[in-house]
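Each remark here refers to the structure printed beneath this line.
Just so we're clear, the structure is a prediction, and the values are computed from it rather than from any experiment.
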Amino acid sequence: MTQISSLSDHEIQLLDRYWRAANYLSVGQIYLMDNPLLREPLRPEHIKPRLLGHWGTTPGLNFIYVHLNRAIRQRDLDMIYICGPGHGGPGMVANTWLEGSYSEIYPQISQNAEGMKKLFRQFSFPGGIPSHAAPETPGSINEGGELGYSLSHAFGAVFDNPSLIAACVIGDGEAETGPLASSWHGIKFLNAARDGAVLPILHLNGYKIANPTLLGRTSDDDLQQLFRGYGYEPLFVSGHEPTRMHRQMAQTLEQALNSIRDYQQQARSGNAQTTVPRWPMIILRSPKGWTGPQTVDGKKVEDFWRAHQVPVSSCRENDEHRQLLEQWMRSYQPDDLFDASGQLKTELQALAPVGDKRMGASPWANGGRLRRELVTPDLHHYAVEVSSPGETQAESTAALGAYLAGIFEHNRDNFRLFGPDETASNRLSKVFDVTNRTWQEPLKPYDEQLARDGRVMEILSEHQCQGWLEGYLLTGRHGLFNCYEAFIHIVDSMFNQHAKWLKVTRNFPWRAPISSLNYLLSSHVWRQDHNGYSHQDPGFIDHVANKKADIVRIYLPPDANTLLCVADHCLKTWDRINVIVAGKQPAPQWLNLDDAAKHCAAGMGIWSWAGNVQRNETPDVVMACAGDVPTMETLAAVDLLRHYLPELRVQVVNVVDLMALQTQDQHPHGLSEAAFEAIFTADKPVIFAFHGYPSLIHRLTYQRNNHRHFHVHGFMEEGTTTTPFDMTVLNELDRFHLAQEAILRVPSLQGKADDILEDLAQKIAAHHQYVREYGEDLPEVQNWKWPSQQGEGNVPE
């Protein structure tokens, strides 16, 4: 058993002084805009007009930071600090300033009195920095504005990073969230032989904004049982007296790191792992607002919820409060911490790690510095053969699965596939030819596609899939998240936070670009007829489209080869969020790979082989589509129109890149007005069959000259357990309704095609009756074939 060393009195004194320096800087950021070193008594003009920030969690975060610094120096560790209570931002900023990484990135915030003044003034100040551990903060990969994602980010960061330790501080308020509650299971996916380690530090200070916390009021015995049940070895540090707490924390941290080292050495020595190691975690109990005012105006503050944000308010106006603030700040003895120029004293500077070992300078917390390009195979190996449009039937996502298998073969430690138990369901099973699902729990002889070294990450928690992928990307790697379309909404907020992170990082050249976050949404709305209404919702793309144009992309490939082209493109991009929606069921295939590549590069285009408009002719109607089922129904509607009205000039348009519908000043992919009108015309009716809610197309095209002539059919929130074709009929996206709409919108046909409209209406009614009676679609609908399969020679130009 490894001997645990104890701190000397001198070491404790140095650690405590460094901790006091971090606490002093944290309080100064919340309150001061001048007189940073208190070289004169505080006056009203030294205090910020608006006091914003969170003090309560910050001293605990600072306490942890200084002890992690000591461990890094002693053991030469690669470590990042993931700050779950991100609202403790002043502590993260303070510590990176003390270690020097902050001033290296922001030279104007120098390590002296003038720099300290700027450091204080900028915090939660107009034109300054946020109060959270934001993208502006060196060393941060977890913003923490929305709680719940720190531990999943930590696990994502250490997958395939064998030398990295992610020290993850989890606030007891954060521990009450659903995403955090499920993230404890991350150790069951951690391979000690090839992955790094996560050291969770559950920081229990007992209170949220205005309430006690659940785990804060839970006894140590119950916490011991809870976390041992999860598979951890909980180690407790508890108290409020600094000297005792420093000694306790140092010994406990050493014990935890020894356990991590021992587990990793055993796994990497060739000994086969049969059980999940009982990884250590630390439960730190310390007072909320530790070292701050105990009472204010006779009311309890320290170790109570009143310490959460700004413990002493109105310091400009209230002389008594201002004196209390000054007493508080002087209790840290700034003259004992900083020299005459405002620099941290030399003996304290020596406590911080150096170079990239500093947590604020770690390349793992700026993963773009480490990013390697993904090695991608030749798409031609996976293409579906299409000799004539509509002739071939194939599962689009099955072709993608084969391509992803190729990705895995070429990227053994640089790519992972994430999903909530839906890899096989979404027809990506080809990946299991080259890898397995990650599984560290006991294996049964009859288990299939489970392995210790698997690279497919499946857990029935969309939150964990998203969080792991974000952590993996933020530390320099590549990945894809596949999910049922309806349930990707579970991570709406996580998507929001990542999109905001990417937007902000664009402003900081020191943040190197990271690989894009890629979603594949399958089992989509139009083929969830068997699961019913609960599984029918295409609205995630509406949510995505709200974000800044330079961040988001939405792709609706109509067949397998366009899906391959889109996925290949998305996996090679950076600093984006790409959403790909594609069906998994057998469906007609329209384009060969070369044509698909050209079509995807353009974003949208006229399928002249599907219409009958000759060169230099003007169409009577444009039949547009976006999405695989809408494409099939549009082409079937065109077939009907050509049958009923062969003289009608019909132009077929397919849209792959949804954001190309916007104008060029709205989105980088937007078409020019001239190019848009060349496709959609300037004044002809456009019948648009859309995968999602119709309003999105109107939002994206409202600035286009021809917008008033757009008639969009999409999901109208009509769903049930039914048949595939009936889903389209219920929402008027089927071929019969689309053909009706086209006839109604062409001025020259007004009053001249009533018999055709009546015939189409009868087909709709007959379909409804047949489905309700027999439980399946009409035979002629099930067996519909594109005319090219019937010998009519309808092939691409």
Side-chain angles (χ1 to χ4, degrees), residues 57 60-61 63-65 67-68 71-72 77 79-86 88 133 140-142 144 147-159 161 164-192 195-205 213-216 218 220 222-238 248-249 252-261 263-264 276-286 359 364-365 440 459 461 463-464 467-468 470-471 475:
T57 188
L61 298 177
F63 180 79
I64 294 166
Y65 205 105
H67 280 273
L68 294 177
I72 292 168
L77 300 176
M79 182 177 282
I80 58 174
Y81 188 113
I82 296 183
C83 181
S140 175
I141 68 167
N142 184 82
L147 301 177
Y149 313 135
S150 59
L151 195 52
S152 54
H153 282 160
F155 281 108
V158 303
F159 292 140
N161 273 338
L164 183 65
I165 297 176
C168 180
V169 184
I170 301 136
D172 44 357
E174 181 184 23
E176 297 178 8
T177 65
L180 199 287
S182 58
S183 63
W184 295 107
H185 296 292
I187 52 171
K188 297 161 188 174
F189 297 82
L190 196 69
N191 186 327
D195 299 328
V198 173
L199 177 59
I201 303 172
L202 180 60
H203 181 207
L204 302 180
N205 59 34
T213 59
L214 296 174
L215 294 186
T218 302
D220 285 356
D222 286 350
L223 290 174
Q224 179 89 9
Q225 293 183 59
L226 173 66
F227 288 104
R228 281 191 66 83
Y230 277 135
Y232 292 86
E233 185 62 54
L235 307 172
F236 290 83
V237 176
S238 182
Q248 229 190 122
M249 185 64 177
T252 303
L253 184 56
E254 191 167 352
Q255 181 181 349
L257 293 172
N258 285 344
S259 294
I260 289 171
R261 180 199 60 202
Y263 286 138
Q264 290 180 336
V276 178
R278 192 167 284 282
W279 294 99
M281 64 172 292
I282 295 173
I283 298 177
L284 170 64
R285 289 192 188 270
S286 66
M359 290 186 284
W364 300 115
Q440 307 303 324
I459 182 174
S461 165
H463 288 122
Q464 297 318 304
W468 290 348
E470 288 180 0
T475 47

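Here the CZ-CG distance, from R228 to L223, works out to 13.5 Å after rounding to the nearest 0.5 Å. One distance of note links CG of L147 with CD1 of I170; it measures 11.5 Å at 0.5 Å rounding. Distance check: C83 SG to I141 CD1 gives 11.5 Å after rounding to the nearest 0.5 Å. To the nearest 0.5 angstrom, T213 atom OG1 is 12.5 Å from E174 atom CD. With rounding to the nearest 0.5 angstrom, the CZ atom of F159 is 6.0 Å from the CG atom of L190. Here the CZ atom belonging to F236 is positioned 8.5 Å from the CG atom belonging to L204, to the nearest 0.5 angstrom.
With hydrogens and angles disregarded, no donor-acceptor distance shorter than 3.5 Å links the side chain of R278 to the backbone of P234. Distance alone, capped at 3.5 Å, places no donor-acceptor pair between the T252 side chain and the L235 backbone. Of the possible polar contacts, one joining the D172 side chain to the N205 backbone as a donor-acceptor pair under 3.5 Å is found. Here the side chain of Q248 pairs a donor or acceptor atom with the backbone of S238 at under 3.5 angstrom. No donor-acceptor pair closer than 3.5 Å links the side chain of Y65 to the backbone N or O of Y81.
Here the shortest heavy-atom pairing between M359 and I80 reads SD-C, 4.2 Å. Listed here is the closest heavy atom pair of A192 and Y263: CB-O, 4.1 Å. Across all their heavy atoms, N142 and G84 have their closest contact at ND2-CA, 4.0 Å. Closest of all the heavy-atom pairs between V158 and A197 is CG1-O, 3.4 Å. The minimum heavy-atom distance between W364 and T475, with the atom names listed, is O-CG2, 3.0 Å. Contact record, P179 with Q464: O-NE2, 2.7 Å, taken as the closest heavy-atom pair.
In this pair, Y230 and W184 present their aromatic rings parallel. The plane angle is below 30°, not in the 30 to 60° band.
Taking 4.5 Å as the limit, every side-chain heavy atom of I283 sits out of range of all side-chain heavy atoms of L215. Residues F63 and S286 form no side-chain contact, since every pair of their non-hydrogen atoms from C-beta on lies 4.5 Å or further apart. Counting only heavy atoms from C-beta outward, the side chains of L257 and I165 approach each other to under 4.5 Å. The side-chain heavy atoms of I187 and Y232, taken from C-beta on, include a pair separated by under 4.5 Å.
The one candidate from L202, I82, I201 that meets the side-chain contact (heavy atoms from CB on, under 4.5 Å) condition with C168 is I82.
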Could you go through M249 and I64, starting from their C-alpha distance and side-chain angles, then the distance that decides it, and tell me whether this counts as side chain to side chain contact (heavy atoms under 4.5 Å, CB included)? CA-CA 8 Å; M249 185 64 177; I64 294 166; 4.2 Å; yes
Between Q255 and N258, does the side chain to side chain contact (heavy atoms under 4.5 Å, CB included) criterion hold? Intermediate values first, please. CA-CA 5 Å; Q255 181 181 349; N258 285 344; 5.6 Å; no
Dump the intermediate steps for side chain to side chain contact (heavy atoms under 4.5 Å, CB included) on V169 and S150, then the final yes or no. CA-CA 8 Å; V169 184; S150 59; over 6 Å; no
Before giving the answer on side chain to side chain contact (heavy atoms under 4.5 Å, CB included), spell out for D220 and R285 the whole-Å C-alpha distance, their side-chain angles and the decisive distance to 0.1 Å. CA-CA 10 Å; D220 285 356; R285 289 192 188 270; 2.9 Å; yes
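In this structure, a donor-acceptor pair under 3.5 Å is absent between the side chains of S259 and E233.
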